[in-house]
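First comes the structure, then the notes that go with it.
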Amino acid sequence: MSLKLPSSVLRVLNDIGTPGCLDAAARLASSGHPSGSYTLHLRSSGIGPSQADLLAQAIEQDARVGARLESFSISYNSHVSDAGVARLVAAFPPSLTQVGLVGCGLGDVAGQALLTWVRTAPALRMLCVEDNGFSSAVRAGLQSLGQGRSVLMVVV
C-alpha cells in the first residue's frame, strides 16, 4: 500500500515559514501517515487570510491524490479573518473528524460557513469554536448542531 504524504501542505507550511508552521511540517514529515491520513495543528502559528488561502489550496491538492486530513486546528490565530476561515471551510474534506478554531476573532461570516459545512460533514465528531465574536443567532445555530447529532460535540 502506498502512503499519501500531504506534500502540498508540507510545501506551504515550509513556505509560510513561521515557527509553528515549520514545527507542523516537521511533524508531518516524520509521522508516517498511516492509510494516507494526517493531522494539521497550527495553533498560534501566525496564520492570516493569505496563509489560510494557501493552506486551503494545499489541502484540496493533497485530497485529490489521496491524502486525508482528519484533524485540523488553527486556534489562537487571531488574524486569520472570517474570509480566511470561510476559504478553509470550503476546502475541508469529508474525512475531517475534528476542527479547532478557538480564539480566532471570528464573526458571523465564518460562523455561517461553518454552519453550512457541518451539516454536510459526515465524519465530524468535534468542533471547538469558543472565544470568537459570533452573534447570538449564529452561536445558537452552532450549539444546535451538537444537539442534532449525538456523535458530534460542539463547544461554542
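One is the number of the first residue; the rest follow in order along the sequence.
- Within the 4.5 Å cutoff, side-chain heavy atoms of R149 are placed close to those of V118.
- When side chains are defined from C-beta on, V9 counts as touching L28, because their heavy atoms get closer than 4.5 Å.
- Of the possible polar contacts, none joining the Q112 side chain to the V109 backbone as a donor-acceptor pair under 3.5 Å is found.
- The same ILVMFWY cluster, assembled from side-chain heavy atoms under 4.5 Å apart, contains both L152 and W117.
- Side-chain N or O atoms of S75 include one that pairs as donor or acceptor with a backbone N or O of V102 at under 3.5 Å.
- Both I59 and V12 are members of a single hydrophobic cluster when ILVMFWY side chains are connected at heavy-atom separations under 4.5 Å.
- L101 pairs in a side chain to side chain contact (heavy atoms under 4.5 Å, CB included) with only one of the listed residues (V129, V80, L88), which is V129.
- You'll find the side chain of L40 stays beyond 4.5 Å of the side chain of S73, heavy atoms only.
- A donor-acceptor pair under 3.5 Å is formed between the side chain of S95 and the backbone N or O of L69.
- Taking hydrophobic clusters as Ile, Leu, Val, Met, Phe, Trp and Tyr residues chained together by side-chain heavy-atom distances below 4.5 Å, L145 does not share a cluster with M126.
- For the residue pair Y38 and A67, the shortest heavy atom distance occurs at CE2-CB, 3.9 Å.
- Between I16 and L42, every side-chain heavy-atom pair lies at or beyond the 4.5 Å cut-off.
- With rounding to the nearest 0.5 angstrom, the CD atom of E70 is 4.0 Å from the OG atom of S37.
- Side chain of R43 to main chain of H41: no donor-acceptor pair is present (N/O by atom type, distance under 3.5 Å, no hydrogens or angles).
- Side-chain atoms of T18 come within 3.5 Å of backbone N or O of S45 as a donor-acceptor pair.
- Summarising the geometry, atom CG belonging to D131 is positioned 12.0 Å from atom OG belonging to S78; distances are rounded to the nearest 0.5 Å.
- Looking only at side-chain heavy atoms (C-beta outward), V89 and T116 stay at 4.5 Å or farther from each other.
- With respect to the salt-bridge test (charged N to carboxylate O, under 4.0 angstrom), the residues R87 and E60 qualify.
- With rounding to the nearest 0.5 angstrom, the CG atom of D108 is 9.5 Å from the CZ atom of R139.
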Q. Going through the checks in order, is the side chain to side chain contact (heavy atoms under 4.5 Å, CB included) test met by C21 and D15?
A. CA-CA 9 Å; C21 288; D15 288 349; over 6 Å; no
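- Cluster membership for V154 and F72, using ILVMFWY side-chain heavy atoms within less than 4.5 angstrom, is shared.
- A 4.5 Å side-chain heavy-atom check between Q98 and M153 finds every atom pair outside the cut-off.
- Among all heavy-atom pairs drawn from G46 and N77, the shortest one is N-OD1, 2.9 Å.
- Between the S8 side chain and the Q61 main chain, no donor and acceptor come within less than 3.5 Å of each other.
- One distance of note links CD1 of I47 with CG of D53; it measures 12.0 Å at 0.5 Å rounding.
- Remark: the backbone N or O of L106 is paired with a side-chain donor or acceptor of N132 at under 3.5 angstrom.
- A pairwise comparison of heavy atoms in A52 and G84 identifies CB-O, 3.6 Å as the closest pair.
- Note: L13 CG to R27 CZ = 9.0 Å, rounded to the nearest 0.5 Å.
- At a threshold of 4.5 Å between non-hydrogen side-chain atoms, the residues V156 and V138 do not count as touching.
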Q. For T97 and L124, what are the C-alpha separation, side-chain angles and deciding distance, and is it a side chain to side chain contact (heavy atoms under 4.5 Å, CB included)?
A. CA-CA 4 Å; T97 62; L124 190 65; 5.8 Å; no
